[in-house]
Amino acid sequence: MDALRVPRPVRRLWRRLVSMRTALVLLFLLALASVPGSLLPQRPLNPPKVQAYLASHGAWGRFLDRIGAFDVFGSVWFSAVYLLLFASLIGCLIPRITVYARAVRAKPLKAPRNLDRLAEHATLGTGLDPDEAALRISRALRPRWRTAVRTEPSGAVAVSAEKGYSREAGNLLFHVSLLAALVLIAGGRLLSYEGSIVTTEGSGFCNRPISYDSFHAGRWVRSGSLADFCVDRLESFTASYREDGSPAQFKAVVDYSEDLAGQSRRDVIEVNHPLRLKGDRVYLLNHGFSPTVTITRPGRTPVTDTEAFLPQDAVLTSEGAFKLPGRDGTGDDDLGLSAIFAPTAVITGGVVTSVAPTVEDPVLAVLAYTGELNPGGQPQSVYSLDARQIATGKLKQVGAKNLALGQSMRLPDGTLIRFDGYKQWVNLQVSHDPTQTALLLAAILMVAGLLGSLAIRRRRLWVRVQPTAGSARSVVSVGGLARSDGGNFGTEFAALVAQLETVLGAAAPVPPAAGSSPEPSVAQDRIGAGRD
Amino acid sequence: MAVDGNLASLSESLWTAATGTYMLAVVAYTGEYAFGRNGRIARTSPVSRAEVSSAQVSRVEAGVRQSALVGGGTLTDPTTPTGQPHYGAGSVEPAGDAGRRWGRAAVGLTVLAALFHLASVTIRGVAVDRVPWGNMYEFTLVVGLMATVAWLATLVRMPQLRYLGLFVMMPVLLVMFLAGTLYTKASKLVPALQSYWLAIHVSSVAVAEGILLTSAAITSMYLVRARFERHAEAGTTPARFAGLGSRLPAAASLDKAAYRTVAFAFPIYTAGVIFGAIWAEAAWGRYWGWDPKETWAFIAWVVYATYLHARATAGWKGNRAAYINLLGFGAMTFNFFVVNIVISGLHSYAGLT
């Protein structure tokens, strides 16, 4: 970047953005901003709960709604925080990658003048001449250390050694993978779709937006380009329960075909075991009962109808409705049945409830209404009759009865309603997200990078070999520096010094010269103490 | 296979045995803390309190460079050798010391309690024929066991820390009581939990949480000790809590230990969250959906990430970083208790009604 062309305030702002302090504050904000997302009902997760909250909290609720508190993770401020963090991360990573690339190619740093000023240092003597000693030292270190040998003006030979380069590599790998993961998550939101459908035993659906009861797609999904597959038929659904009534297994057997011309195959979908197709997955989310009735209105063809009922509790007391439009135009000739289905029914005071989720004694409790079901032609729930129509008397109750299997009831106008039986339905969800596999890879790399950056230790070691006139031909001074914490460097250093001693076939450690450090050989002191 | 009632009640009896033994262990640790050479009684001397505290500093600091006490900069200077134990190894206590007998008894009792504890968890697993962490009661028991194991492992490597057992075993005892209040009858798993990811996801998170619990305990000690050292340096009398600091290891060592435990647990926790996402993809059709549990896992992760960054940022080291560590543990604890019990979400497996 041409620094001259960027105005100074902008540069200053950028520098501040990429600083660690800003990153810390942004991380904090990110954590803080997520909190309301878990405490307030969220529209993408549970819209009815949001409605209920709004209804009971008046102005406060409306205010929260306006600032996006009911869709925290899609709100402007949440996006602002993570986009800033994103920018800060990129701004921090680019220079670090350049620095690292240079450091990897560079030779280890020159030895500092006074090695005994370093926290860890030791002095040895050897009978070898400086060049030979330096050669042996760097050869001994080389498998794990990067070394450079330099001859100093004084005639001493210095070995600089460094290791743990992959610590920074791991750190960079973690952050780059994190960036990649964020990009993939964003891409996933644009490219993914999700459709949900209630299918009753014997029927099926094809993967078209129009087939689904609800369908959500990312902005880049073209509705014509969905994968060509069909769940041709829900063959059967089985729910098994334990003695205490807790569910043991849910199992849906489906016939499906992966393309329009292809042949049908059979597979089983269970909780935790979706049907995995080429780019799509089919999940079993929910299940319930669909009772069947045959309605014979006088003078008209009998109608047999099966409708999915919504479970109300764990023992599958289910509520639903049958809607039979009357003759066109009359408007008050519709027939509506509001009903409760209990797979194992107990009737107390005329009220039907279920006592077990298994089908032992199914009963359909029916309230029959005639009148106008849906005056405006507006979309309405398929699971209930319009309560307002009942309240305003436009739907009048004309009969009520608890029907056991095969029983029927007759309405005053002669209509016969028979409870024929039941089927089961399942709620299947189709999900498509082409970025998932890449995201998993990014996540694995994140953990790998994290392990590298937290477990690998960065160390520097310098050895200076000076020719001497004494009994030993050279004095070897060793100094070490731990550039990252972790581990006990004192013990590590002691072991290194011991290794160098063997390599040099060293004479006994040289006693300290007067006036030097009061701890001649820290390494020696530490051997016993370093029990970290 | 149905739940084996006899084994389930055996497991419950073992929980009682473990809790009782932990209680005895805590009594013994208290004994060591009170009567040991570094204990309360031995340290109460007639000299003026200010003198006592500075004398304590030098005694505790034996073997540790005085520089570790000075200023914020040197506390976290990576070149400062503060990793070594603060008591010279081998000079822990003289033989025949009352504290030593108490301490040995405490460790023996801890081992016994841990064995009861392990047996309780294992037999529960056998009784229900699945991994023994399917609800809050079982999960709490496993986290408690992890913390005890972590403590015993620490003792093997650093026996000189034994006198701090009271501060570690008290939380474990609390966890045991807590498990008792969360008790759930032994039962099989609902279909949503019937997945091998239960073994992988939950165990990795339990291990990470056990270690992070230890880190939070160490960090609390750090805060007390750091305040004590500030007082010692200024020559003032430490206030109530900071006075405890005289018997704790050097602040720099505690800070380092807290960092290392987080650095060890953080990748495990990250992997645990990723395992959770992989499981969510198989179970719920999406890898992430901002379910309250997921949201709080994210919050705790971000806070611990902040801690790791803060420890490398000038001006944020030391106390600030320590508070961030505690905040992370707070988020984790909130995720376990409040999100499980109060907030409804997809992770409603507490087994409580």
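Note on naming: letters A, B, ... go to the chains in the order of the sequence lines (proteins, then strands), and numbering restarts at 1 for each one. Model, not experiment: these values are computed from the prediction.
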Carefully, step by step, assess L30(A) and F298(B) under the rule side chain to side chain contact (heavy atoms under 4.5 Å, CB included).
CA-CA 10 Å; L30(A) 190 66; F298(B) 172 77; 3.6 Å; yes

4.5 Å side-chain heavy-atom contact, V190(B) and F250(A):
no

Can you tell me which portion of L45(A) sits under 4.5 Å from chain B's heavy atoms? Options are side chain, backbone, both or neither.
side chain

Among the listed options L284(A), L440(A), L439(A), the residue most often paired with chain B at heavy-atom distances under 4.5 Å:
L439(A)

Of all the heavy-atom pairs spanning W296(B) and S38(A), show the shortest one and how long it is.
NE1-OG, 2.6 Å

So F334(B) and V35(A), do their side chains get closer than 4.5 Å, heavy atoms only?
no

Under 4.5 Å from any heavy atom of chain B - which part of Q436(A)
side chain

Portion of A277(B) that has a non-hydrogen atom of chain A nearer than 4.5 angstrom
neither

Any D433(A) side-chain heavy atom under 4.5 Å of Y287(B) side chain:
yes

Under the side chain to side chain contact (heavy atoms under 4.5 Å, CB included) criterion, do L454(A) and Y259(B) qualify, and how do the steps go?
CA-CA 10 Å; L454(A) 292 171; Y259(B) 167 74; 3.9 Å; yes

Minimal non-hydrogen separation, V303(B) against A31(A), with atom names
CG2-CB, 4.0 Å

Side chain to side chain, I324(B) and F28(A), heavy atoms closer than 4.5 Å:
yes

Please lay out, stage by stage, how Q429(A) and W284(B) fare under the test side chain to side chain contact (heavy atoms under 4.5 Å, CB included).
CA-CA 9 Å; Q429(A) 178 184 300; W284(B) 300 326; over 6 Å; no

Within a reach of under 6.0 Å around OH of Y241(A), are more than 12 heavy atoms found that belong to other residues, nucleotides or ligands?
yes

Which atom pair, heavy atoms only, marks the closest approach of L189(B) to R242(A)?
O-NH2, 2.7 Å

Counting only non-hydrogen atoms closer than 4.5 Å, does W301(B) touch chain A with its backbone (N, CA, C, O), its side chain (CB onward), both, or neither?
side chain

Non-hydrogen atoms of A283(B) and N272(A) that approach each other most closely
CB-OD1, 3.2 Å

Contacting moiety of S34(A), where chain B heavy atoms sit under 4.5 Å:
both

Considering only heavy atoms and a distance below 4.5 Å, find which of A312(B), A300(B), A310(B), A331(B) pairs most often with chain A.
A310(B)

Are E281(B) and R281(A) within salt-bridge range, i.e. N to O under 4.0 Å?
yes

Show the nearest heavy-atom pair for residues P267(B) and L451(A), with the distance to one decimal.
CB-CD2, 3.7 Å

Run the side chain to side chain contact (heavy atoms under 4.5 Å, CB included) test on W290(B) and V72(A) for me, step by step, so that the C-alpha distance in whole Å, both residues' side-chain angles and the decisive distance to 0.1 Å come before the verdict.
CA-CA 10 Å; W290(B) 296 113; V72(A) 165; over 6 Å; no

Mark yes when over 12 heavy atoms from residues, nucleotides or ligands other than R96(A) sit less than 6.0 Å from its CZ; otherwise mark no.
yes

Which heavy-atom pair separates P247(A) from P191(B) by the least distance, and what is that distance?
O-CD, 3.5 Å

